[in-house]
Amino acid sequence: MITIMRKVSTFNPERKIINEAAKIITSGGLVAFPTETVYGLGADALNPDAVRKIYAAKGRPSDNPLILHVHSPEHAAQLVHMNAQAERLAKIFWPAPLTLVLPAKPHIPLITRGGLDTAAVRMPDNPTALALIEASHTPIAAPSANISGRPSPTDAQSVFADMDGRIDFILDGGSVDIGIESTVIDLTNHEKPLMLRPGGMSREIIENELGLTLSVPGTDSAKRSPGTRYRHYAPSIPVRIWHEESDIDTHTAGYMGVHDTHKNFGDVVLFDDFANYARGLFAGFRKFEREGVSCIFVEWPESNSGICEGLRDRIKRAAGCYV
Ligand code: TXA
Ligand code: MG
């Protein structure tokens with residue numbers, strides 16, 4: 001398969017290019033597109049054959065359900081049973097890096113929702129993504145556009161590196177804004193909303209709006225987001241959390257963080273603040289991988305608030321057994 005890549009102006013996408021991409025979606029093909037969080041790998045969410053191609057292209061286990069991307073809260077209400085909390089969050093925040101898990105309506109194919117009786121919906125805050133969903137006249141199922149387990153792509157080149165020859169089309173809308181995936185909230189029990197995955201929208205802002213604390217499902221809970229069971233977001237070289245006392249040879253290793261360690265690393269990527277760190281984390285992994293460093297050391301964010309809860313989660317998963 002030949003993968004076509006086309007540049008679009010993210011904030012004012014060219015109609016002709018959007019229509020070309022939408023035609024591929026409606027005919028059952030795969031299109032990668034920018035969102036505000038990471039690039040998505042999209043297919044018609046209501047076409048089981050098209051959705052099956054997503055799992056094949058990513059090498060993703062098919063019990064890991066996909067997010068249905070919609071262009072409005074009304075569009076979401078066609079797919080899931082919205083409750084008062086969902087309507088409120090959608091009205092106040094969408095478009096946003098906020099995904100809502102709710103009871104699915106029966107016409108969503110089982111393959112799209114990983115066999116569950118719930119489905120995840122999100123309205124992304126990116127004009128190119130929204131134009132594509134509208135022009136396709138269907139919800140777009142889209143996981144992050146990386147090979148399963150690898151760092152999520154935050155620019156079109158990273159999508160191309162993983163997906164060349166596996167998908168039909170890439171909309172190149174430049175680098176994303178947030179850099180880690182959306183926050184996933186399960187609202188099926190209105191007395192006990194769950195945060196299944198921390199991400200681009202902070203816990204504080206959601207809890208404030210709901211007037212409730214978001215619980216975290218236990219590790220053995222069936223409610224746990226299926227995707228969080230797998231090792232994730234990892235480049236092919238070890239990622240390790242930097243400790244001041246780390247007694248290792250640093251000069252072949254890379255370091256990424258907000259604070260300088262003043263050690264003699266082979267390469268160092270420093271960010272102005274933690275929002276920029278989140279934005280550059282996955283691209284940093286991929287850059288170090290291309291450079292062939294022996295190990296990637298990453299700063300552990302001291303705080304767990306704002307973007308740092310999601311950032312900590314991605315760092316922990318990428319470091320996996322190497323912590
Ligand atoms: O920012 C994002 O969310 C990006 C962009 C492309 O929108 N998408 C993304 O998709 O990160 P993915 O497939 O990599 O992650 C979706 C997460 C997984 O952890 C999955 O298990 C969870 O959402 N999820 C989807 N449907 C669910 C459901 N019905 N119940 C529980 N978790 C669900
Ligand atoms: Mg992913």
Side-chain angles (χ1 to χ4, degrees), residues 30-43 45 51 54-55 57-70 76 79-81 94-105 108-126 128-130 132-133 139-154 158-159 162-163 171 173 176-189 193-201 217 221-234 278-279 282 310 313-314 317-318:
L30 300 182
V31 174
F33 60 97
T35 80
E36 80 280 37
T37 57
V38 300
Y39 271 71
L41 175 51
V51 172
I54 295 181
Y55 289 98
K58 278 185 65 94
R60 173 172 171 129
S62 60
D63 64 345
N64 189 1
L66 305 173
I67 297 172
L68 291 94
H69 293 72
V70 296
L79 303 166
V80 292
H81 297 281
W94 277 2
L98 175 65
T99 296
L100 307 176
V101 172
L102 291 155
K105 293 197 171 170
I108 302 179
L110 283 170
I111 179 88
T112 306
R113 44 186 159 116
L116 300 174
D117 54 12
T118 56
V121 287
R122 162 165 126 82
M123 179 180 174
D125 189 11
N126 178 293
T128 295
L130 292 174
L132 178 65
I133 300 162
I140 296 186
S144 48
N146 51 285
I147 300 278
S148 200
R150 299 217 357 101
S152 299
T154 53
S158 302
V159 177
D162 278 18
M163 291 296 164
L171 280 167
V176 301
D177 187 30
I178 294 178
I180 61 172
E181 299 81 351
S182 62
T183 302
V184 182
I185 307 288
D186 181 330
L187 292 175
T188 50
N189 176 353
L194 301 173
M195 179 181 264
L196 300 183
R197 178 178 73 181
M201 178 163 263
S221 165
K223 277 283 187 186
R224 201 167 170 80
S225 191
T228 60
R229 287 198 300 261
Y230 306 102
R231 180 159 183 256
H232 248 146
Y233 315 118
R279 185 175 300 138
F282 291 139
D313 173 80
R314 303 308 185 272
R317 285 175 202 288

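Atoms within each ligand, like the ligands themselves, are counted from 1 in listed order. Excluded from the calculations below are hydrogen atoms, water molecules and symmetry mates; all remaining heavy atoms, backbone and side chain alike, are included.
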Exercise. Going from OG1 on Thr99 to CG on Asp186, what distance comes out if it is rounded to the nearest 0.5 angstrom?
Worked result: 12.0 Å

Exercise. What part of Asp186, side chain from CB on, backbone N/CA/C/O, both or neither, has a heavy atom under 4.0 Å from ligand 1?
Worked result: neither

Seminar exercise, completed: The atoms of ligand 1 lying under 4.0 Å from a heavy atom of Leu116, numbered in the order shown, are 28 (C), 29 (N), 30 (N)

Exercise. Lys58 to ligand 1: N or O pair under 3.5 Å?
Worked result: no

Exercise. Counting heavy atoms only, which part of Val101 comes closer than 4.0 Å to ligand 1: side chain, backbone, both or neither?
Worked result: side chain

Exercise. When you look for heavy atoms under 4.0 Å from ligand 1, do you find them on the side chain of Ala119, its backbone, both, or neither?
Worked result: backbone

Exercise. At what distance, to the nearest 0.5 angstrom, does OG1 of Thr35 lie from CZ of Arg122?
Worked result: 4.5 Å

Exercise. Should you measure from each heavy atom of His69, which atoms of ligand 1 turn up under 4.0 Å away?
Worked result: 5 (C), 6 (C), 7 (O)

Exercise. Any N or O on Arg60 sitting closer than 3.5 Å to an N or O of ligand 1?
Worked result: yes

Seminar exercise, completed: Separation between OH (Tyr55) and CG (Asp63), nearest 0.5 Å, reads 8.0 Å

For this session: Indicate yes or no: at least one non-hydrogen side-chain atom of Leu79 is less than 4.5 angstrom from one of Pro139.
Result: yes

For this session: Before signing off on this row, confirm whether Ser182 and ligand 1 have an N or O atom pair separated by under 3.5 Å.
Result: yes

Exercise. Distance only, no hydrogens: is a donor on one side chain within 3.5 Å (strictly under) of an acceptor on the other, for Glu181 and Ser152?
Worked result: yes

Exercise. With a cut-off of 4.0 Å, which atoms of ligand 1 are near a heavy atom of Gly40?
Worked result: 6 (C)

Seminar exercise, completed: Shortest non-hydrogen pair, Ala96 vs Met201, comes out as CB-CE, 4.0 Å

Exercise. Has the side chain of Arg197 got a donor or acceptor atom that lies under 3.5 Å from a matching backbone atom of Gly310?
Worked result: no

Problem set entry | For Thr118, the ligand 1 atoms whose distance to one of its heavy atoms is below 4.0 Å | 28 (C), 29 (N), 30 (N)

Problem set entry | Option with minimal heavy-atom separation from atom 9 (C) of ligand 1, where the choices are Ser144, Pro217, Gly200, Gly114 | Ser144

For this session: Check whether any side-chain heavy atom of Tyr233 sits under 4.5 Å from a side-chain heavy atom of Asn146, and report yes or no.
Result: no

For this session: Nearest 0.5 Å please: distance from the CH2 atom of Trp94 over to the CG atom of Leu100.
Result: 5.0 Å

For this session: Determine whether any heavy atom of Pro97 lies closer than 4.0 Å to an atom of ligand 1.
Result: no

Exercise. So is there a nitrogen or oxygen of Tyr39 less than 3.5 Å from a nitrogen or oxygen in ligand 1?
Worked result: no

For this session: State whether Ser144 contributes an N/O/S atom found under 2.8 Å from the Mg ion (ligand 2).
Result: yes

Exercise. Which of the atoms of ligand 1 are close to Ile67, meaning less than 4.0 Å from one of its heavy atoms?
Worked result: 3 (O), 8 (N), 9 (C), 10 (O), 16 (C)

Seminar exercise, completed: Only one of Leu102, Val101, Ile108 passes side-chain contact (heavy atoms from CB on, under 4.5 Å) with Thr118, and that residue is Val101

Exercise. So, is Arg122 polar-close to ligand 1, with some N/O to N/O distance under 3.5 Å?
Worked result: yes

Problem set entry | Gap separating the OG1 atom of Thr37 from the CG atom of Leu98, nearest 0.5 angstrom | 11.5 Å

Problem set entry | For Leu196, the ligand 1 atoms whose distance to one of its heavy atoms is below 4.0 Å | 31 (C), 32 (N)

Exercise. Does any N or O atom in Arg113 lie less than 3.5 angstrom from one in ligand 1, N or O only?
Worked result: no

